[in-house]
Q: 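Okay, here's the structure, questions in a sec.
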Amino acid sequence: MIFTPLVFLVLGTIFLQLTSASNCSPAFIGKPVLHGAKIIDVQAEEVHNHSAISLGPGTNDGGRYTISFCHVTVTHTHPGWNDTINTQVWLPLSGWNGRFQALGGGGYSTGFGSLYLTYAASKGFASASVDGGIAVGTEAIPTDLSWALSSKGNVNWFLLEDYASKATNDMAVIGKQVTESYYQTAPSYSYFSGCSGGGRQGLIMAQNYPDAFDGIVASSPAIHLETFIPAGFWPEQLMNQYGVFPSPCEVEAFTAAAVKRCDRMDGVEDGIISSPRLCTVQAHDFVGQNYTCNGTQETLSTADARVIQAAWSGTGKHGWFGLNKDASLSSSSIPTTCRANGTCYSTGSELFGSWISYLVAKDPDFVLEDMNNSDFFDGLRYSTSQYAPMLAGANPDLSGFKANSGKMIAWHGLADEVIPPRGSEQYYEEVLEKDNEAHEFFRFFEAPGVGHCYGGLGPVPNDALTQLMEWVEKDVSPDTLVATKGSNDTARDLCPYPLEQKFIGGDPRNATSFTCANKP
Ligand SMILES: *[C@@H]1O[C@H](CO)[C@@H](O)[C@H](O)[C@H]1NC(C)=O
Ligand SMILES: *[C@@H]1O[C@H](CO)[C@@H](O)[C@H](O)[C@H]1NC(C)=O
Ligand SMILES: *[C@@H]1O[C@H](CO)[C@@H](O)[C@H](O)[C@H]1NC(C)=O
Ligand SMILES: *[C@@H]1O[C@H](CO)[C@@H](O)[C@H](O)[C@H]1NC(C)=O
Ligand SMILES: *[C@@H]1O[C@H](CO)[C@@H](O)[C@H](O)[C@H]1NC(C)=O
Ligand SMILES: *[C@@H]1O[C@H](CO)[C@@H](O)[C@H](O)[C@H]1NC(C)=O
Ligand SMILES: *[C@@H]1O[C@H](CO)[C@@H](O)[C@H](O)[C@H]1NC(C)=O
Ligand SMILES: *[C@@H]1O[C@H](CO)[C@@H](O)[C@H](O)[C@H]1NC(C)=O
């Protein structure tokens, strides 16, 4: 019998139709092959009408999605490491778009499960998320780092390596095989998408596992987390040392004062500081100004200005950059709350504080308030030297990724209140220094007014993945990154770094009212 392509196609279609239900079984999926791993278990079952609030990493246009899919869970260990890692692969029962998409996590988590998977699968992707062997919640941003110690004083290096990059690559290898087993066709393209910790996962994949993905979106990446995380504790350190706790209203009053001074420097008054470098005001400039908090008039104080300035300047040459002045500091950088009698206290930043307890002091009971400033800076230096090689995600050599024809889009909100955008800028500059044509496969965009992953006044690049796919699959490079759904219905075409947005007149809500220009 001669199999003409047509006969083959017809037979193939019938085959798929006849077997689609039983394709979703452990026997049909089989055990993926992963170098260095022992597959412990494969589970597979069809799930119908799963409904959840979901979104793409680094977007603000999520919603409720209902999907039906083959839910595969692969459990594996690295023999000798005593770890147990679960990879979920969600395979749409109908409407597969032929592509695989792995999703990152955030905070001290490598994956957020349904929060990202539901949306990705609803768009037709065979989608994957991995728990990294870290048994913590999957739906919220986990700040729990207790998994990082084997015992008091001893880091669990194996889990840390899983978290750093290994489990993310495992997810790619497993996810692609499971996708091919189920659909009997290999995915035509493989993507990674992540924000924050997930953005760092994206960068480190391009650096360490350059053939894992054809395209990567790295949003608000937690680059150099071993440094920016303990450094992010600096305002809290000063609050503890001085015993001074600015109220959220006062913190917001400092931010409002800085925005008022700097807003117009980019040519348009919209509450957004698009050129942070021009905004050189200091917190001390505003001391003595009055503000109103809960109907009571108060005055911005010198003591509190020191704490605010710490968030804006960062730890300087011994550590890390600060946040920009339109970032909302009261949510994470200066976490305080006030009692009915008006006195305020620190509520503590779990994200920053737990790093110091678990990975610097290596003591879950460490009393952060007892650190003096020299302890703090010693800890910061220790963290950088001890953990950067494994965790930073900052190797500027992307030659492997380039050779593999990989494409990467990174972006960072300039009003990020958790991760200073200067870290991403510095990395992109280092990449260009190594390869002055890196622009051909890796572009970095800054999003004025956008907070961490989303939020803030500025429009968010919700379609970054679509633009990445155009680049990977059709060679249409993103000259600008389209951003929408900011406050007041704003749109912007974000500029590839080092260019930045310049107002050229018109309605500031309209993207055409801006152009990309060299930094002033
Ligand atoms: C899923 O939802 C559709 C539309 O509401 C419905 O027709 C179908 O019966 C549901 N399937 C299951 C298995 O509940
Ligand atoms: C392996 O991990 C389990 C739980 O994760 C723990 O209870 C056990 O003590 C570990 N075994 C060794 C040999 O470290
Ligand atoms: C702040 O308020 C005080 C008391 O009401 C007043 O004396 C002072 O002039 C005000 N300062 C400024 C800068 O408006
Ligand atoms: C202002 O009022 C709100 C709501 O009543 C309260 O949560 C907040 O702590 C108050 N702020 C200060 C500085 O007292
Ligand atoms: C405010 O309340 C706290 C907790 O009840 C108390 O410790 C503090 O002394 C009070 N401060 C003032 C100025 O009343
Ligand atoms: C800081 O505290 C440590 C103990 O935690 C102590 O050894 C050191 O002398 C202190 N340094 C300063 C400058 O006070
Ligand atoms: C929305 O934009 C219009 C036109 O630029 C402006 O007049 C208005 O103040 C803006 N509103 C907010 C809340 O930013
Ligand atoms: C935005 O600019 C385009 C092109 O100049 C124009 O057609 C459109 O009406 C503008 N939209 C708004 C909301 O101003």
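Every number for a ligand or one of its atoms is a count from 1 in the order of the listing.
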Q: Run the numbers for me: atoms of ligand 5, each under 4.0 Å from some heavy atom of R339, listed by number.
A: 2 (O), 3 (C), 4 (C)

Q: When you measure from the centre of the six-membered ring of Y387, is the NZ or CZ of R381 under 6.0 Å away and within 45° of the axis?
A: no

Q: Is the terminal nitrogen or CZ of R306 (NZ for Lys, CZ for Arg) located under 6.0 angstrom from the six-membered ring centre of Y242 and within 45° of that ring's axis?
A: yes

Q: Closest heavy-atom contact between T143 and L351?
A: CG2-N, 3.9 Å

Q: For D416 and A327, work out which heavy atoms get closest and say how close.
A: O-CB, 3.5 Å

Q: Apply ring-ring contact (aromatic ring centres under 6.0 Å, His included) to the pair W234 and F377, showing each step before the final yes or no.
A: CA-CA 9 Å; W234 180 228; F377 281 105; 5.0 Å; yes

Q: Under the rule for side-chain hydrogen bond (donor to acceptor under 3.5 Å, both in side chains), what residues qualify as partners of Q207, not counting sequence neighbours?
A: Y427

Q: Carefully, step by step, assess R277 and E425 under the rule salt bridge (Lys or Arg N to Asp or Glu O under 4.0 Å).
A: CA-CA 12 Å; R277 264 168 238 247; E425 291 178 9; 2.5 Å; yes

Q: Might you list the protein residues in contact with ligand 2, defined as having a heavy atom under 4.0 Å from one of its atoms, sorted by chain and number?
A: N82

Q: What atoms of ligand 6 come closer than 4.0 angstrom to any heavy atom of S374?
A: 11 (N)

